[in-house]
Amino acid sequence: MANVTITNHPLIQHKLAILRNKHTPSNEFRALVGEIAMLMCYEATRDLTLESVEVETPIATAKFNMLKGKKLAFVPILRAGLGMVDGVLTLVPSARVGHIGLYRDPKTLNPVEYYCKLPTDISEREVIVLDPMLATGGSAIDAITQIKKRNPKSIKFMGIIAAPEGIKALTEAHPDVDIFCAALDEKLNDHGYIVPGLGDAGDRIFGTK
Ligand code: PRP
Ligand code: URA
């Protein structure tokens, strides 16, 4: 069964409270999404495999741990997942980045796919899917289904706010995918928005409302 980790470090909680505020402007919102993603990435990468490597310091030669093999691929779900990319690349600059374009049909709330470009060597990498909002879970489930067709080594999902409905749907559809979120909110409203949430993440990142 999937592990669900709520990364509720005090710095993340503080930044998330500012993010939720409807008066926070787009430029600040974008910066906060990046900072929260960077802090969460630290936790989501805790189990990366290390190997012992010989290093010559100015004083002596000794063995130290470094990351083993090809590293990560981050896959943001467009649009809102894009806001998390710079933050995670700050921690793992050598990672590859794939993109999956999905939007929720406003009536059915079902995801509609319009773009998919993944790294060619994704089968040799561990994948972290990025999307700030896990609402019904439909977008994350669909994106992960697409990625699984390319046989990556493993897949994790990293969001910022999740609804209980989204966690349930994602863990049922993909029990092998570990989930990292900064907050688990109360519920979805009748329009599929997370309550209390932060509103429409894509619109707030890109100032399109
Ligand atoms: C938002 C969000 C997720 C999706 C979550 O994207 O960024 O991708 O909704 O909802 P779900 O869990 O019910 O699928 P949206 O469809 O608004 O597209 P956008 O990022 O382009 O604004
Ligand atoms: N997508 C968003 O951007 N916000 C929500 O609350 C739900 C889906």
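Numbering of ligands and ligand atoms starts at 1, following listing order.
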Contact check, [X] vs ligand 2, heavy-atom distance below 4.0 Å:
| X | answer |
| --- | --- |
| G199 | yes |
| R104 | yes |
| G192 | yes |

- Hey, does A135 come in under 3.5 Å of ligand 2, counting only N/O atoms on both sides? no

- Does any N/O atom on G202 come nearer than 3.5 Å to any N/O atom on ligand 2? no

- Message: Taking the cut-offs as 6.0 angstrom to the six-membered ring centre and 45 degrees off its axis, would you call R104 and Y193 a cation-pi pair?
- Response: yes

In a simple table, one pair per line, please give the protein and ligand 1 atom names for every N or O pair closer than 3.5 Å, along with the distance.
unit_1: ligand 1; atom_1: 7 (O); unit_2: D131; atom_2: OD1; d: 3.0
unit_1: ligand 1; atom_1: 8 (O); unit_2: D131; atom_2: OD2; d: 2.4
unit_1: ligand 1; atom_1: 12 (O); unit_2: A135; atom_2: N; d: 2.9
unit_1: ligand 1; atom_1: 12 (O); unit_2: T136; atom_2: N; d: 3.1
unit_1: ligand 1; atom_1: 12 (O); unit_2: G137; atom_2: N; d: 2.8
unit_1: ligand 1; atom_1: 13 (O); unit_2: R104; atom_2: NH1; d: 2.7
unit_1: ligand 1; atom_1: 13 (O); unit_2: T136; atom_2: N; d: 2.9
unit_1: ligand 1; atom_1: 13 (O); unit_2: T136; atom_2: OG1; d: 2.5
unit_1: ligand 1; atom_1: 14 (O); unit_2: S139; atom_2: N; d: 2.9
unit_1: ligand 1; atom_1: 14 (O); unit_2: S139; atom_2: OG; d: 2.6
unit_1: ligand 1; atom_1: 16 (O); unit_2: R104; atom_2: N; d: 2.8
unit_1: ligand 1; atom_1: 20 (O); unit_2: R79; atom_2: N; d: 3.1
unit_1: ligand 1; atom_1: 20 (O); unit_2: A80; atom_2: N; d: 3.2
unit_1: ligand 1; atom_1: 21 (O); unit_2: R79; atom_2: N; d: 3.3
unit_1: ligand 1; atom_1: 21 (O); unit_2: R79; atom_2: NE; d: 3.0
unit_1: ligand 1; atom_1: 22 (O); unit_2: R79; atom_2: NE; d: 3.4
unit_1: ligand 1; atom_1: 22 (O); unit_2: R79; atom_2: NH2; d: 2.8

Nearest protein heavy atom with distance in Å, relative to [atom]:
| atom | result |
| --- | --- |
| atom 5 (C) of ligand 2 | Y193 CD2, 3.4 Å |
| atom 6 (O) of ligand 2 | I194 N, 2.8 Å |
| atom 3 (O) of ligand 2 | A201 N, 2.8 Å |

- To the nearest 0.5 Å, tell me how far N3 CG sits from T171 OG1. 11.0 Å

I'd like to know if the side chain of [X] reaches the main chain of [Y], judged simply by a donor and an acceptor atom lying under 3.5 Å from each other, with no hydrogens or angles considered.
| X | Y | answer |
| --- | --- | --- |
| D121 | E124 | no |
| H174 | D176 | no |
| D185 | K187 | no |

- Identify whether the distance between the nearest side-chain nitrogen and carboxylate oxygen of R30 and D86 falls below 4.0 Å. no

- Salt-bridge criterion met for R46 and E43 (N-O under 4.0 Å): yes

- Does some side-chain heavy atom of V88 sit less than 4.5 Å from a side-chain heavy atom of M158? yes

- Message: For D142 versus P111, what's the shortest heavy-atom pair and its separation?
- Response: CB-CG, 3.9 Å

- Task: Please report the C-alpha distance between I179 and C181 in whole Å, then the side-chain angles of each, then the deciding distance to 0.1 Å, and finally whether the side-chain contact (heavy atoms from CB on, under 4.5 Å) criterion is met.
- Result: CA-CA 7 Å; I179 301 172; C181 288; 3.9 Å; yes

